[in-house]
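Worksheet: the structure to be examined is printed underneath.
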Amino acid sequence: MSSDSNHMISFEGIHKAFGPKVVLSGVDLAVREGQICFIIGKSGAGKSVLVKHLVGLLRPDAGTIRYRDEDITGYTERQYFALRHRCTYVFQHSTLFDSMTLQENVALPLRKHRGMSLRESADAAMSYLEKVQMQDMARRRPGDVGDGLRKRVAIARALTMQPEVMIFDEPTTGLDPISAVNVDALIKALSDSEGVTSLVVSHDLRSIFGIADRVVMLYEGKVLLDGTPDDFRGSADPIVHQFVNGLPEGPMAL
Amino acid sequence: MSEPSTLGGLARELRAQIGDTIDVGRQAAWYLVRGRWDWPAIFAQAHEIGVRSVFFVIVCLGFLGAIINLQAGFQATRIIGDASLIGQQAMPLVVRLLGPTLTGMMVATRVGTGIAAEIGSMVVTEQVDALRMNRAPPAEYLVKPRLVACMVMVPALTTIGITAAFFAGMLVAAVGFGTNPGTYADFDVVVGLDLIEGMVKAAAYGVAIPIIAATAGLRARGGSEGVGEATTQAVVAASLAVIVLDFLISGAVFFLR
């Protein structure tokens with residue numbers, strides 16, 4: 001795949017193995033600005049592994065990663081600091097720091113990335129907590145609130161960077177249906193109102209058919225399907241069909 | 001991190017582990033010079049590593065001093081019928097070798113496992129990735145406080161341990177063999193180079209143990225099994241490092257004498 005100036009993010013021939021276990025074997029994927037792109041696949045398909053390459057949390061064994069046409073594959077950790085300002089990551093388990101209050105968790109990147117003082121960052125953190133309707137719980141610690149609320153705080157923390165790209169790793173997994181709908185609405189609003197490009201790793205078909213612009217399915221280390229939610233729903237591929245219908249029997253090895 | 005099944009796999013794994021350890025050490029050294037000093041974190045680690053190890057070190061080194069003097073006393077009494085010089089025989093050995101090395105081994109097991117388990121748990125729950133995303137490098141936030149604490153606390157624990165061994169040995173010598181405490185505590189037999197050798201070893205262990213243990217933690221993969229492997233790897237590698245450093249420093253001092 002050649003680099004295309006319309007594409008904000010490009011993964012070209014990405015290979016990644018952990019010891020003898022090959023996870024990605026030549027993944028090509030390009031994402032346009034402002035898209036909500038869902039990356040799906042069965043557990044262990046390499047969805048999270050792929051998106052972690054964009055922000056340098058993992059390094060590919062082979063292949064090229066471009067961000068706005070710039071080859072970032074060989075970036076140093078220090079160069080990635082600047083990129084992580086523009087591309088933020090909402091982790092599957094929120095990964096808030098237990099020793100800090102929710103407000104302090106949100107303030108941390110404001111101090112580290114944007115150089116704010118303790119007081120400035122605390123004030124600014126409150127405004128981001130308001131965006132996710134969590135301002136009333138600012139003084140609580142992560143252990144004192146539920147999964148859905150922690151996820152919202154993690155999104156607020158990611159928003160502090162005013163990012164161009166947000167990576168959501170299974171944002172609705174483990175949430176009750178109402179919290180899941182709220183998180184989906186937040187992702188959609190970020191795309192619509194602020195033009196944020198979203199890479200969403202998910203298994204959640206309700207989210208996919210609700211907010212995705214594009215669906216990319218990984219299977220055995222490669223891209224099996226790349227299309228719209230309707231393409232995904234109507235695919236004749238037996239593996240996609242098995243996945244979308246949640247069938248225990250079929251060609252997809254469990 | 002998976003168990004290598006062949007000799008080639010073992011060599012590759014060992015090479016990768018040594019490479020990662022050097023890399024973590026290099027980064028930690030860089031942040032020692034350039035990074036911020038998080039004093040609350042450093043004091044918290046100093047308390048965890050140093051203060052909470054004091055009782056363990058006093059008991060172990062105290063018994064060690066007692067055992068050495070007991071054995072030396074038996075032998076001296078049996079062979080020459082006089083145990084008055086056992087302190088002068090035992091103390092240089094404790095100051096140069098057994099004090100720092102046994103303290104190092106205790107820190108490697110008690111503290112090394114703790115560091116590897118804590119950092120390993122953070123890796124498998126993606127907290128280390130979250131730190132990196134928040135411009136908080138693990139070498140600065142996780143390794144540096146532990147390194148600084150160990151660099152200060154291992155020599156301090158060694159001094160405490162040697163003192164415990166000295167007094168326990170003196171008690172055994174006095175009660176068991178009638179050795180005069182004044183004769184036992186003849187510091188003329190411990191030369192400056194013995195003290196320097198002991199403290200250099202303690203300082204070297206204070207650098208090696210946290211870096212090796214933190215590297216093992218940072219290499220953890222998977223879930224709780226990965227953390228368990230990292231912990232085992234930390235204690236094995238840190239203990240081995242203590243023995244190897246002991247040999248190298250002893251050899252270097254031997255040529256200086």
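Atoms considered below: every heavy atom in the structure, side chains included; atoms not considered: hydrogens, waters and symmetry mates.
Taking 4.5 Å as the limit, every side-chain heavy atom of B:Asn134 sits out of range of all side-chain heavy atoms of A:Tyr89. Residues B:Arg132 and A:Arg84 meet the side-chain proximity criterion, which asks for heavy atoms closer than 4.5 Å.
Using a distance-only test at 3.5 Å, with no hydrogens or angles considered, no donor-acceptor pair links the side chain of B:Arg221 to the main chain of A:Phe18.
Each of B:Met122, B:Glu126, B:Met133 was evaluated against A:Thr95; a single residue qualifies, B:Glu126, per the side chain to side chain contact (heavy atoms under 4.5 Å, CB included) test.
Of the two parts of A:Glu77, only the side chain, counted from C-beta on, holds a non-hydrogen atom closer than 4.5 Å to a non-hydrogen atom of chain B. If you measure heavy-atom distances from A:Arg111 to chain B, you find no contacts under 4.5 Å at all. Of the atoms belonging to A:Lys52, it is side-chain heavy atoms, and not backbone ones, that fall under 4.5 Å from chain B.
Applying the 6.0 Å contact sphere to CD of A:Glu194 captures more than 12 heavy atoms from other residues, nucleotides or ligands. The number of heavy-atom neighbours closer than 6.0 Å to CZ of A:Arg68, taken from other residues, nucleotides and ligands shown, is above 12. Counting heavy atoms of neighbouring residues, nucleotides and ligands inside a 6.0 Å radius, atom CZ of B:Arg36 exceeds 12 of them. For A:Phe97, the CZ atom is densely surrounded, since the number of other residues' heavy atoms within 6.0 Å is greater than 12.
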- Task: Would you check, one step at a time, whether the test side chain to side chain contact (heavy atoms under 4.5 Å, CB included) holds for A:Phe91 with B:Asp129?
- Result: CA-CA 9 Å; A:Phe91 291 90; B:Asp129 283 344; 3.5 Å; yes
- Begin with the C-alpha distance, continue with both residues' side-chain angles, and end with the deciding distance and a verdict on side chain to side chain contact (heavy atoms under 4.5 Å, CB included) for A:Tyr80 and B:Arg135. CA-CA 9 Å; A:Tyr80 270 116; B:Arg135 207 173 192 151; over 6 Å; no
